[in-house]
S.K.: 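Handing you a structure now.
Heads up: numbering here begins at 1 and tracks the sequence. Counting starts at 1 for both ligands and their atoms, in listed order.
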Amino acid sequence: LSFGCTRCGRCCAGPWVGYVWVTPQEIAAIAGYLDLAIEQMHQTYVRSVGGGWSLREHRDNHDCLFLSPTGPDGRNCLIYPVRPTQCRTWPFWPDNLRSPEAWDYTSTRCPGVNCGEYFSLEKIQTRQDATAR
Ligand code: SF4
């Protein structure tokens, strides 16, 4: 399979409610990157959902709070070096790899799918393992 992000930002944007699940370790890594206390990080950027934690999104358009506005280079992730596993492993999520049809459907949501770098089965499995943690 191939994939190359075009930086359109669609995967991190609304218009629908979304969830970017984060572990306590990932929250701490983001807080460290932003030089924030953990409490401040929770108050501003994290919400509790069903016993887990998700990054907050803008109330009006449901874009991730860490997605920069559109610019000449596309939309950037403001915490890219410490982005959560869920973001690192897109689009190679188990659901997207379930069948050729599922992968085709993923390509309708993400213009980077079927473009760019070739990913071998081994490389994809490494990413899948990271998602399953
Ligand atoms: S939707 Fe796909 S191409 Fe667009 S930013 Fe997300 S990963 Fe990149």
S.K.: Would you find more than 12 non-hydrogen atoms of other residues, nucleotides or ligands less than 6.0 Å from Y45 atom OH?
M.R.: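 Counting other residues, nucleotides and ligands, OH of Y45 stays at 12 neighbours or fewer.
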S.K.: Can you sort out which atoms of ligand 1 are near G112, meaning under 4.0 Å from one of its heavy atoms?
M.R.: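 Going through ligand 1 atom by atom, the ones under 4.0 Å from G112 are 3 (S).
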S.K.: Please confirm if an N, O or S atom belonging to C11, backbone or side chain, lies less than 2.8 Å from atom 6 (Fe) of ligand 1.
M.R.: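 Of the N, O and S atoms in C11, at least one lies under 2.8 Å from atom 6 (Fe) of ligand 1, which means yes.
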S.K.: Note the single closest protein heavy atom to atom 8 (Fe) of ligand 1, along with its residue, its atom name and the distance in Å.
M.R.: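 Result: C5 SG, 2.4 Å.
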S.K.: Salt bridge check: are R88 and E26 linked by an N-O gap of less than 4.0 Å?
M.R.: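 Salt bridge between R88 and E26, a charged N being under 4.0 Å from a carboxylate O: no.
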S.K.: Check the orientation of Y19 and W21. Use parallel for under 30°, tilted for 30 to 60°, and perpendicular for over 60°.
M.R.: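 Plane angle under 30°, so parallel.
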S.K.: Look at atom 5 (S) of ligand 1 and say which protein heavy atom is nearest, naming residue and atom and giving the distance to 0.1 Å.
M.R.: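 Here the closest protein heavy atom is G9 N, 3.1 Å.
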S.K.: Please list the nearest protein heavy atom to atom 4 (Fe) of ligand 1 with its residue and the distance rounded to 0.1 Å.
M.R.: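 Going atom by atom, the protein heavy atom closest to atom 4 (Fe) of ligand 1 ends up being C8 SG, 2.3 Å.
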S.K.: For atom 2 (Fe) of ligand 1, what is the nearest protein heavy atom, given as residue, atom name and distance?
M.R.: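 For this ligand atom, the closest protein heavy atom is C110 SG, 2.3 Å.
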S.K.: Do the rings of F3 and F92 sit parallel, tilted or perpendicular, given the 30° and 60° boundaries?
M.R.: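 Rings of F3 and F92: perpendicular, over 60°.
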S.K.: Using a 4.5 Å cut-off on heavy atoms from C-beta on, say whether the side chain of H58 contacts that of L65.
M.R.: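 In short, these two side chains touch, coming nearer than 4.5 Å.
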S.K.: Below 30° counts as parallel, above 60° as perpendicular, anything between as tilted: where do the rings of W53 and H42 land?
M.R.: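 Perpendicular: the ring planes of W53 and H42 meet at over 60°.
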S.K.: Only heavy atoms of W90, strictly under 4.0 Å: list the atoms of ligand 1 that pass.
M.R.: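 Close to W90: 2 (Fe), 7 (S).
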S.K.: For ligand 1, which atoms sit closer than 4.0 Å to a heavy atom of F3?
M.R.: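 Near F3, the atoms of ligand 1 are 7 (S).
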